[in-house]
Amino acid sequence: MRHIISLALLVGATCTAQAQVTAGPGTWSSNQTWGADTVNGGNLTGYYYWPATQPVLNGKRALVLVLHGCAQTAGGDVIDSTSDGGFNWKAVADQYGAVILAPNATGNVYSNHCWDYASTSHNRTSGHDGVLLDLIKRFTTNAQYAIDPNQVYVAGLSSGGGETMALGCLAPDVFAGVGINAGPPPGTTTTQIGAVPAGYTATTAASNCKALAGSASPSFASQVAGVVWGTSDYTVAQQYGPMDAQAMRLVYGGTFTKGQSTTVATGGTNVPYLDANGKLRTTEITVSGMGHAWPAGTGGQNTNFVDATHVNYPAFVMDFWFKNNLRAARAAAPVVDSCNASVSGTTVTVSGSGTDSAGSITGWRVVLNGPGAVDDAAAGSGASFSKSYTNVANGYYTGSVTATDSATGLTSGACSIAQFLVGTPPALQPPAGLAVGATTSSSVTLTWTAASGATGYYVYRNGSRVTAGAVTATSYTDSGLAASTTYNYQVSSTNGSSESALSAAVAGTTKSSWTCSATTSSNYAHVQAGRAHDSGGYALANGSNQNMGLDNTFYTSTLAQTSPGYYVIGNCP
C-alpha cells in the first residue's frame, strides 16, 4: 500500500484569482517591421507595449493605436525611452492592462513624415489606412495578446489626429473610440490646415465621414469620440476641434444634450455631450495656453510638439473610453476565492470556492500538470465544488482551478495550486545545471546535466510543458518564439513511469530580428537613399531625428540602421 501523504502534502492554495491573460514584458518592444505599403513605399515599422499587468474589463486587453504628428516619429516622440516618457502612454497601459501600438508613418507623405489624412482615396486595403488596419488585425487575431475586439481605440496628433478621424470614420466597426488631437476633418486638404475653408461645416465633415464608412455605418451607434486642442495652436485651425466633435455627433445620429463644462486642472475646459439615452458620446477639451502639441502631462516628453505642462490626455481619454465603451460587456467575471488539493495514496481531491456577482458559477475547471495530467472542464458547479481523481500516477504535480459563468461567457482568473507529490518521493531527481545557451530571434537553446536514473527529460516554458514526449538528450532548442521576448524555463527528469520535481528556473531572452548595418556617405546621398530626411536645409536621420548637419554633398556622416526605418549617427554597437 502506497504511503499516505501527510500534512506536508495537503496542499492548500487560498488565493485571489490569478488572471488568465498572459503577462507581457512590461517594456516597449524593439522596432518591428509589420507590413509593406505599396502606395507610399517602404514597410510599416514601429513599437508596441505589452504590459505585465492584467486587463480591467472583461478579462481581455484593450488595444490602442497611437499616431504621431508630422515631423515626429514613434521612436523619437511617442514611446518611452531612457530619457523621457514620450507621449506618456506607459502608465495608463499598465493601469488598464492595455496594449499600445506606436507605428511610424510609411513613406514621406507631404515631405514631412506625415500620415495621409488628406487622402482622396481612403480605403481599408491600401495606403496608410490599409497598413494600419492590417496592424490592428495582426494583434487582435494573435491569441497571446488576448485583445478584445470590442476594446480597440485610436488617437493621434495633427496629421495623426486627422488620420485618427479618418480611421474612425472608415472603420467604425473596428474602433470603439477615437481621440482626435488638432486633426483636420475628412475632405480638407493640406493647404487648409490653418483655416477652415469657406462653406466647409460640421455637416460637410459628417457627410464625408459617413461616405467613408459605407456599409459599416451602423457601427457608429456604439462609437465614442474625444477631441482636444490648444488655445495657442496656430498650426491647425482651432475651429476644427469643436467641428470634429459636432461632426461625430451628426454621424452618431439622434439628439444630444450638452453637459456641464468642467475645468481641466492644468488649465482649460472639458465639454461633454450625452445622447438621447443619457450616454456620454463626445468630449471636447480646450487646453488653455497649449500650442500645437500632444498633451502628455507630467512625466511625458516636453519638446518637439509634445507638451508635459498641461493635461495628461492619455489618462483622460483612456478613462473616457473605458467608462463609456458601448460595446464591451460590463458584467464582472467570477472570482475564485480559494482552491486546494489534498492527496491520499493515489487519490487527489481538488476543491474550490468562489463568487459570481453577475449570476452563478456554472462550471469549474481543474487542470493538473504532472505524470498523470488532468484537464477536467466539468469538475462541478455552484459556489463551491470538490472532486476526487483516483489512480493518479506517482510524481510531482502543479495545478489550477477556474470558474465560468456560461450566461455571461466570462471565466475567472486561475487559482494556482502549488507543486505537490503523489506517492512516495521518487528517487529520481530533477536535472542540475540548467542553463541558457545560444539564442536567435525565434529560439532558445537549453542545456543541463544528466540526472541519475533518468531516461528522458520534459521541458517546461512559463510553467507549461512544451515537449509532448521525453527528450533523451541533455539539451533542447525551443523554437517558434517571438523576437525580443523573455521566457522562463524548467526541466524535469523521467524514467518512463514517474517524473521528478521541476528544476530551478532560468530565463532566456530571444534576440531582435534585426541585424545592424552602417553606411558612410554624404548627407545628400543619405537623404536621397531614404536613410535621412531634409528639414529646413538640414539632414535628420530617419527614426532618431538626429541632426547630421547641412543636407549637401560636402557633409559626410556614418548612419547605423539599428532597426527597420531607424537610423542613428555612428557605427553599429
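This one's a predicted model, so the numbers in the text were calculated from it and none came from an experiment. Side chains are part of it too, since the values below use all heavy atoms of this structure and drop only hydrogens, waters and symmetry mates. If you read the sequence from its start, that first residue is 1, and numbering goes on from there.
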* Structure fact -> Distance col, row Thr140:OG1 vs Leu133:CG, nearest 0.5 angstrom, shows 10.0 Å
* Say you draw a straight line from CG of Asn142 to NZ of Lys137; how long is it, rounded to the nearest 0.5 Å? -> 13.0 Å
* Given the rule in the salt bridge (charged side-chain N to carboxylate O under 4.0 Å, His left out) test, do Arg124 and Asp134 qualify, once you have shown the distances and angles that lead to the verdict? -> CA-CA 9 Å; Arg124 297 175 69 133; Asp134 176 70; over 6 Å; no
* Asked: Does any donor atom in the side chain of Ser384 or Ser353 lie under 3.5 Å from an acceptor atom in the other side chain?
  -> no
* Asked: Taking atom CG of Asp356 and atom CD1 of Ile361, what is their separation to the nearest 0.5 Å?
  -> 6.0 Å
Donor-acceptor contacts, no H, no angles, side chain residues 476-483, under 3.5 Å, sequence neighbours left out:
from   : atom 1 : to     : atom 2 : distance (Å)
Thr477 : OG1    : Thr445 : OG1    : 3.0
Asp478 : OD1    : Arg461 : NH2    : 3.0
Asp478 : OD2    : Arg461 : NE     : 2.8
Asp478 : OD2    : Arg461 : NH2    : 3.2
Asp478 : OD2    : Tyr489 : OH     : 2.7

* Any side-chain donor paired with an acceptor under 3.5 Å for Asn104 and Thr45? -> yes
* To do: Give a yes or no on whether a salt bridge exists between Lys387 and Asp376, defined as a side-chain N under 4.0 angstrom from a carboxylate O.
  => yes
* Asked: Charged N to carboxylate O below 4.0 Å: is that the case for Asp275 and Arg281?
  -> yes
* Asked: So, Thr106 versus Asp37: side-chain donor-acceptor pair below 3.5 Å or not?
  -> yes
* Asked: Under 6.0 Å between ring centres, would you say that holds for Tyr49 and Trp89?
  -> no
* **Atom pair CG/CG of Leu280 and Leu274 - distance to nearest 0.5 Å** => 5.5 Å
* Would you check if there is a donor-acceptor pair between the side chains of Thr362 and Ser381 at a distance under 3.5 Å? => no
* Hey, what's the ring geometry for Phe139 with Tyr48, parallel, tilted or perpendicular (30° and 60° as the breaks)? -> perpendicular
* Quick one: are the ring centres of Trp321 and Tyr153 less than 6.0 Å apart? -> yes
* Using distance alone, with no hydrogens and no angle criterion, decide if Asn495 and Ser497 have a side-chain donor and acceptor under 3.5 Å apart. => yes
* Could you label the plane-to-plane angle of the Tyr313 and Trp294 rings as parallel, tilted or perpendicular, counting under 30° as parallel and over 60° as perpendicular? => perpendicular
* Look only at the side chain of Asn325 and the backbone of Asn150, and say whether a donor-acceptor pair between them is shorter than 3.5 Å. => yes
* Asked: For the side chain of Thr404 and the backbone of Ser406, is there at least one donor-acceptor N/O pair under 3.5 Å apart?
  -> no
* Asked: Does any donor atom in the side chain of Thr398 or Gln419 lie under 3.5 Å from an acceptor atom in the other side chain?
  -> no
* **Taking every non-hydrogen atom, the tightest pair across Thr467 and Val459** => OG1-N, 3.1 Å
* Asked: Does His68 reach the main-chain N or O of Ala105 with its side chain, forming a donor-acceptor pair under 3.5 Å?
  -> yes
* Side-chain donor-acceptor pair present, Thr347, Ser344, cut-off under 3.5 Å -> no
* Is Asp375 paired with Arg365 through a side-chain N to carboxylate O contact shorter than 4.0 Å? -> yes
